[in-house]
Structures are given as C-alpha cells and as structure tokens.
2 protein chains.
Amino acid sequence: MLRCPPMLIDSLTHPTPDALLAFLRAHLHARVTLHLAGEVEVLYAGRAASMAEAGDRLLLLKPDGSLQVHGPRGVKPVNWQPRTDHLSAELEGGCVVLHAERRSPAEVVRVRVIGCAQVTALHLGDEALFLLQGSEAQMQRALARAPHLIEDGLTVLDRELLVGVGGIDLYARDAQGRYVVVELKRGKAGHDAVHQLGRYVDAVREQVPGNVRGILAAPDITVPALKVAQAAGLEYVKVEALPQVPEEALQPTLF
Amino acid sequence: MLRCPPMLIDSLTHPTPDALLAFLRAHLHARVTLHLAGEVEVLYAGRAASMAEAGDRLLLLKPDGSLQVHGPRGVKPVNWQPRTDHLSAELEGGCVVLHAERRSPAEVVRVRVIGCAQVTALHLGDEALFLLQGSEAQMQRALARAPHLIEDGLTVLDRELLVGVGGIDLYARDAQGRYVVVELKRGKAGHDAVHQLGRYVDAVREQVPGNVRGILAAPDITVPALKVAQAAGLEYVKVEALPQVPEEALQPTLF
DNA sequence: ACGTTAATCTCGGTC
DNA sequence: GACCGAGGTTAACGT
C-alpha cells in the first residue's frame, strides 16, 4: 500500500550519452521532475535569441514542461522555457539534445548536453499549502474593511472597479462626499504608481461630475514620485503593507 | 595537474539529519552549488511574509549565497532569497534547518528539512559566454546607426539622454529641424510606454522652445495604447526588434 | 487570444 | 544607498 510514492525515482552519475538518452526518454513525459548537472550548450530563439557557449550548468525539468538552465549565480536561470508544448530528447552527433518548444509565443530552447555529471528523476508531489502575507490583495481587503487607516470619514464604494482599462484598487467617497480613487502599492511607490493613479482619476473625472480626489496609499514613496504626485494634485498617504504584528509573536521562542 | 576541477563533488542519498548537516557544513561556504531534493517546510519574512507547509521540494544553493526552493510547477521558485549575506545550517529538533539572511532589504528564509532524498555538491565553474540578440540596448544601437528605419531625414543627437529622471532612448531632429523624442520597446508597447514617452516629451518641451515630437518605436502596440498615443499627439512607428535574418539561416539543415 | 497588473519581482546601471 | 528602467520578465486574472 503505497500512499506516498517514493520521491527519489532514479538517478545516474556520469552516464554515457546512450544511457542518458534512455533515462530521459523513460522519464520525460512521466509527470516527473528531472534534475541534470552537466556541461551544456544552449540556444534560444523566440521573442529574442540567445546562445550560451558550453559551460557547467544545472537543468531543471518540471512535469508542466517548464525548463530552466541555471548557472553559478543568481535566482534567475540563464535560459528557460515556461511551460512547453513539446519536449523531446534526441541523439545528435554523439550528444543528447533537448528540445523545448512552445507556441504563443513561438519559442524554442535547444540544450546540447556535452557531458552529464548527474541526472535525477524525482516526484515532487502536489503543491503544499502556501500562505503569503503582505500582498497587495491582502492590503486591499484590509483597507476596504478599515478605510479610516487611509483617511477618517472614507466610505469604500467598490474594489477593483474597472474603469476604461485597468481596475481602481479602491473607489470611495470622502467625508465631504467627493469621489476618491485610491491606488495601493505594497512597497515603495514610484513614478509608475503616480501615473497609474493619474490615469484612473482622469478616467473617473470623465464619467462623474464634481471633484475627484486621487490618493496613493503605500508604505513609502520615492522623493521624485512624491513631487510628481503633488504637482499633479494627487495625494500620498502612508499605510503599512503588513498588518501590525504583536511584539510577542516576534519573540524567538516562538520560532 | 587539475585544470578543470571535477564538477560532481559529492552526493548522498537519503542521508540522516546528522549526515546531511555534516554534508551541508562541509560545502555551504566552499564556492559550491548545492542541490537538495526532499520534504521541506519554508518560512519567509521580509518585504512580505510567507509560510509553506511541508512538501516535496527541490532546493538550489549557489556560491553567491542565493537560495531557491522549487515546487512541481513553473519557472519561479516557491520561495527564494537572492544573494544572501549569511547562510547557515543547524540541527533543530532532529531536523536540519537552513537559514538564509540578507540585510537591505532585511529578509530571512528558513528551510526546515524534514526528509532528504538526495543532496549533491557541484562545481559550476565560471560563467560561459552568453550572447543575447534582440534586447532593447541592441535595438537602440541599431536604430542609432540607421535612424531612417524610424523615419527618413532623422538625425540622432543623443542616446540615453538624461532629462529630469529617466533617460530618453533616442533624442533626434527630424527633416524639418524639430526635436524628436524616441521611446523604444523591444516587444509590444502598452500604456506604460506611451506614458513614459509623454513624460519625456513634456520634460523636453519645458527646456527647448518650438515643436517637440514624440515617437514610440516598437514592433507592435496594443490597440488601447495606440489610441492613447494618438489622443496625446504622440506617434507610433513599427520597427523590428530583431535584425532581419536571411531565410537561409533559418533552414533546419544549419541546426 | 488580448490586455492589464502584481511581484518577496530580479538585475544592472547611474547618480 | 536611492532611484530608475529593462526583462525572452513570469504568472494570474478578466474580457
């Protein structure tokens, strides 16, 4: 009675090209995650085009067909392919070559495996529960429930109100009955946030008569962005992204 | 005489917590890339906060201190930490726990390894040559050399001209002597590109007398963005991001 | 399929 | 350190 399939399915060290090909063929379309360390050469063509000369790299192939080629630095892969439509392995001139293609956008990544130090097939199982705190969506919910954190007397009329293109984070009315467009940012707000707010305020002004205010609500704002906002008659209000956590919860004992 | 250090340094399958700890301690700060497959629980706190319940995951630890935790889908890790200041492994309640911290922004990722199926230490060597074609920088160079691709009679005065904040991609003069601000996009241009162009044009108009034109040069543009551009008196010119490749080069024989 | 936006965006450059 | 903008951004969501 195998309730939890074994995570480590198969692994080879320093396989020959033939052995590697057989390994890949056996696992490529088996809802399995593959990990390969080796010397590799990568060609990419699609929205752009790139070529990486032979070098030691780490490949990751997930069951959704996504492929990533990692170098020795950084979180970002050197080359990648998100969710492919077609994945194949062939022998070309004595080397295993991986093809990862997708349409829309039409892109192909071609990986030539010159040498393989280790290849492993794993079963990563289902995704486990994941909770994120401090997203803009959470901030939006919290402020919709407690709009006084933005301004006293504010009444929220709508969330994610679609106006022309794009959605207004919070659409509200202030104590004097003026309409208020609120744009939220979970981090430091920059030019882009001010422009976004300005665009929404303009759109609302075209549709409703009377005064319309624009408020940028964020935990911080860049100095230039604040100037631009003020020059455009838009307001900035400081709000915290993460709900205040009681001091006790931060004590190391609870970790 | 070891000119190329061996890529595969060490590997364990199903190590005990003690063996895993020893393995990690031995390799963590040895300019080595570590790969670990196992059941894992992750806490993150910093710009936001997250927790991931125990699940099968794949860890990547690079010599620059970057850490990523991959699930069964997507290019993006479930949790990550780019370039840490401090990395450590300890035994807590019978489980190996990894800490990856950085200041600025102050963030910490804590990975509890409940079970380890495989852990491998690799040497990924130096980065190999990487060439990317079709970046905006390349496009900028190409169009600066051949501005007629944007418009006949255009003379490029400057590239990346700093005006207020941000840089104008191409600053030019047209056949009639009017100043032209060109904003480039390597892909489809959207609202943001139009706003960016508008901002630069406004900044130039404040500094020079006379008519100032704004041209958005991109291989494509969204319909709404085109409308906004036209309404704002800005122009759109279609230019290809990738230099035209001769048909022969695309023939499969050359692959 | 298209358009828009958030993201723990990452990453690099410049002031 | 702050700020800005590119990115093969990715990924999710809505129409």
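None of these values were measured; they are calculated from a predicted model. Residue numbering restarts at 1 for every chain, and letters A, B, ... go by the order of the sequence lines.
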Query raised in the report: In terms of side-chain heavy atoms, does B:S66 have a donor or acceptor partner in B:Q68 at a distance below 3.5 Å?
Result: no

Query raised in the report: Over how many whole Å does the gap from A:Q68 atom CD to D:dA11 atom C1' extend?
Result: 14 Å

Show me the donor-acceptor pairs within less than 3.5 Å that the side chains of residues 186-193 of chain A make with the rest of the protein, sequence neighbours left out.
residue, atom, partner, partner atom, Å
A:R186, NE, A:G134, O, 2.7
A:R186, NH2, A:G134, O, 3.4
A:R186, NH2, B:R47, O, 2.6

Query raised in the report: When all nucleic acid strands are considered with a 4.0 Å heavy-atom cut-off, which category describes B:P105: base, sugar-phosphate, or nothing?
Result: nothing

Requested in this report: Classify the side-chain pair A:Q140/A:E160 by whether it contains a donor and acceptor separated by less than 3.5 Å.
Outcome: yes

**Report entry** Rounded distance (Å) that lies between atom P of D:dT10 and atom NZ of A:K62
**Finding:** 14 Å

Requested in this report: Using whole Å, report how far CG of A:D169 lies from P of C:dT5.
Outcome: 10 Å

Report task. Would you mind classifying the nucleic acid contact of A:Q140 as base, sugar-phosphate or nothing, using non-hydrogen atoms under 4.0 angstrom? Result -> nothing

Report task. For DNA chain D, find the residues of residues 225-232 of chain A with a heavy-atom distance under 4.0 Å and give them by number; none if there aren't any. Result -> none

Query raised in the report: Using a cut-off of 4.0 Å on non-hydrogen atoms, how would the nucleic acid contact of B:G46 be classed: base, sugar-phosphate, or nothing?
Result: nothing

Query raised in the report: So, the side chain of A:S135 versus the backbone of A:Q138: is there a donor-acceptor pair under 3.5 Å, distance only?
Result: yes

Query raised in the report: Quick one: does B:R31's side chain have a donor or acceptor within less than 3.5 Å of a partner on B:P63's backbone?
Result: yes

Report task. Provide the distance between the two C1' atoms, one in C:dA6 and one in C:dT10, to the nearest whole Å. Result -> 14 Å

N/O donor to acceptor pairs below 3.5 angstrom from side-chain atoms of residues 98-106 of chain B, sequence neighbours left out:
residue, atom, partner, partner atom, Å
B:R102, NE, B:Q81, OE1, 3.3
B:R102, NE, B:E107, OE1, 3.1
B:R102, NH2, B:E107, OE1, 2.7

**Report entry** Contacts of type salt bridge (Lys or Arg N to Asp or Glu O under 4.0 Å), residue B:R141, not counting sequence neighbours
**Finding:** none

Requested in this report: Could you tell me the separation between the CG atom of A:D220 and the C1' atom of D:dC4, rounded to a whole number of Å?
Outcome: 15 Å

Query raised in the report: Under 4.0 Å between a side-chain N/O of B:Q133 and OP1 or OP2 of D:dG8, yes or no?
Result: no

**Report entry** Whole angstrom value for the distance that separates P of D:dT9 from CG of B:D192
**Finding:** 12 Å

Query raised in the report: Roughly how many Å is it from NZ in A:K185 to P in C:dA6, rounded to a whole number?
Result: 3 Å

Query raised in the report: Any donor and acceptor pair, going by atom type alone, linking the side chain of B:Y200 with main-chain N or O of B:G166 inside 3.5 Å?
Result: no

Report summary line: Comparing nearest nucleotides in DNA chain D, the 5'-proximal residue of the pair A:V223, B:L184 is A:V223

Report summary line: Residue pairs meeting salt bridge (charged side-chain N to carboxylate O under 4.0 Å, His left out), one or both in residues 60-83 of chain B, sequence neighbours left out, come to A:E127-B:R73

Which atoms of nucleotides 8-12 of chain C (N or O only) lie under 3.5 Å from a protein N or O atom, and what are those distances?
residue, atom, partner, partner atom, Å
C:dT8, O4', B:Y44, OH, 3.2
C:dT8, N1, B:Y44, OH, 3.4
C:dT8, O2, B:Y44, OH, 3.4
C:dT8, O2, B:R47, NH2, 2.7
C:dT8, O2, B:E107, OE2, 3.3
C:dT8, N3, B:W80, O, 3.3
C:dT8, O4, B:N79, ND2, 3.0
C:dT8, O4, B:W80, N, 2.9
C:dC9, OP1, B:R47, NH1, 3.1
C:dC9, OP2, A:R186, NH1, 2.6
C:dT10, OP1, B:R47, NH2, 3.2
C:dT10, OP1, B:W80, NE1, 2.6
C:dT10, OP2, B:R47, NH1, 3.0
C:dC11, OP1, A:V75, N, 2.7
C:dC11, OP1, A:K76, N, 3.3
C:dG12, OP1, A:R73, NH2, 3.3

Query raised in the report: If we take the P atom in both C:dC11 and D:dA11, what is their distance in whole Å?
Result: 15 Å

List, with names and distances, any nitrogen or oxygen atoms from the protein found under 3.5 Å away from nitrogen or oxygen atoms belonging to nucleotides 13-15 of chain D.
none

Query - Separation of the P atoms in D:dG7 and C:dA7, to the nearest angstrom - result: 22 Å

Query raised in the report: Within this structure, what is the CG-to-C1' distance between A:D64 and D:dT10, rounded to whole angstrom?
Result: 12 Å

Report summary line: From NE2 of B:H70 across to P of D:dT10 the rounded distance in Å is 14 Å

Query raised in the report: For the side chain of A:Y236 and the backbone of A:A218, is there at least one donor-acceptor N/O pair under 3.5 Å apart?
Result: yes

Report task. Residues of residues 197-207 of chain A with any non-hydrogen atom less than 4.0 angstrom from an atom of DNA chain D: list those, numerically ordered, please. Result -> none

**Report entry** Residue whose closest nucleotide on DNA chain D lies nearer the 5' end, B:A137 versus A:I221
**Finding:** A:I221

**Report entry** Those residues that, when tested against B:R199, pass side chain to side chain donor-acceptor pair (under 3.5 Å) (two or more places apart)
**Finding:** none

Requested in this report: Mind checking side chain to side chain donor-acceptor pair (under 3.5 Å) for A:D85 and listing every partner two or more places apart, or none if nothing turns up?
Outcome: none

Report summary line: Those residues at least two apart in sequence (or on a different chain) that pass side chain to side chain donor-acceptor pair (under 3.5 Å) with B:T222 are none

Query raised in the report: At under 4.0 Å, does any side-chain N or O of A:K188 touch on OP1 or OP2 of D:dA2?
Result: no

Query - Test side chain to side chain donor-acceptor pair (under 3.5 Å) applied to B:D169 - qualifying residues, sequence neighbours left out - result: none

Report task. For A:H29 and A:L87, indicate whether the former's side chain and the latter's backbone hold a donor-acceptor pair under 3.5 Å. Result -> yes

Query raised in the report: Does a nitrogen or oxygen in the side chain of B:H191 sit under 4.0 Å from OP1 or OP2 of C:dT4?
Result: yes

